[in-house]
Novice: 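Pasting in a structure now, in structure tokens, and then I'll have a few things to ask.
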Amino acid sequence: MARLLHIEASPRGADSCSARVAGAFLDEYRRRNPGDEVEHLPLFAYDLTAFDAEAAAQKMAHIVRLTRGETGAKPEGKWAAVTAEIDRLKSADKVVISTPMWNFSLPYRLKHYLDVVIQPGLSFYVNRKGEYVGMLRDRPVQLVIASGSAYVPGFPRPDTGTKTDFLEAYLVHVLRWIGCTDIRIIRVQPTAAAPPDEVNAMLAGKLEEARTAAASF
Ligand SMILES: Cc1cc2nc3c(=O)[nH]c(=O)nc-3n(C[C@H](O)[C@H](O)[C@H](O)COP(=O)(O)O)c2cc1C
């Protein structure tokens, strides 16, 4: 039995295009894999531990201990919540992240989640050669990214105009950083900058794309 973790980063519930497409993906996934466990983590309806002064101080103390060759910080206080969240992610054999684009990047709750789970010695480490090694290998990640406009992924270039997609590049970067190399992407776009019938046709196509993607996840 496999465990799939669905991290949902839109607060819009049934109105969310990314959640709807992820929903089609998961319905098909469940149909094909009835014995698997699917855990839902709706980031806007979940009290994720604040990464505040206490957590930041614990992280810095944790790094000092690691650089001295000691074990990391004890899982106490905020750090216990951090390590529990990393354990949840590590125990997932498969991960689905559905997210909107907000201001060319990721919603703050998803950034908060990543700030919690990306930790040295827990989700990545530095080996004896000084190389960074991700610790969440061997699991596919399906991204479902919705945006009001259509984007060609890339960093600002003279030809990208005023709209640049920092979201896909950032998510792929941090996922690789923690060791995920099998990253699959469904872009749901444009959800706003087109007549409603074109948006509906685009969405219908994306629901189908999601079902097809679920078949090989
Ligand atoms: C706070 C906020 C910021 C947004 N920023 C962008 C943006 O930078 N680029 C864009 O194309 N759409 C932007 N949008 C539109 C959303 O990306 C679009 O509505 C998308 O469908 C939202 O995903 P969801 O339907 O899953 O919530 C923004 C929407 C909100 C609420």
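Note that ligands are numbered from 1 as they come in the structure, with each ligand's atoms numbered from 1 the same way. Count residues from 1 along the sequence.
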Novice: Would the distance check show the side chain of Glu54 and the main-chain N or O of Trp79 forming a donor-acceptor pair, the cut-off being under 3.5 Å?
Specialist: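 Checking the backbone N and O of Trp79 against the side chain of Glu54, no donor-acceptor pair under 3.5 Å is found.
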Novice: Can you list everything that forms a side-chain hydrogen bond (donor to acceptor under 3.5 Å, both in side chains) with Glu70? Sequence neighbours excluded, please.
Specialist: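 Testing Glu70 for side-chain hydrogen bond (donor to acceptor under 3.5 Å, both in side chains), a comparison that skips the adjacent residues, returns none.
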Novice: At a heavy-atom distance under 4.0 Å, which protein residues reach ligand 1? Sort them by chain and number, would you?
Specialist: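 Within the 4.0 Å shell of ligand 1, which is judged on heavy atoms, sit Ser10, Arg12, Ser16, Cys17, Ser18, Pro100, Met101, Trp102, Asn103, Phe104, Ala146, Ser147, Gly148, Ser149, Tyr151, Thr191.
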Novice: Has Arg176 got more than 12 heavy atoms of other residues, nucleotides or ligands less than 6.0 Å from its CZ?
Specialist: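 Open: at most 12 neighbouring heavy atoms sit under 6.0 Å from CZ of Arg176.
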Novice: Aromatic rings Tyr151 and Phe104: how do their planes relate, parallel, tilted or perpendicular, breaks at 30° and 60°?
Specialist: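 Correct class here is perpendicular.
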Novice: Test Asp27 against Arg30 for salt bridge (Lys or Arg N to Asp or Glu O under 4.0 Å), laying out the working first.
Specialist: CA-CA 5 Å; Asp27 286 348; Arg30 283 193 191 91; 3.7 Å; yes
Novice: When the ring centroid of Phe217 is compared with that of Phe25, is the distance short of 6.0 Å?
Specialist: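 Ring-ring flag for Phe217/Phe25: true, centres closer than 6.0 Å.
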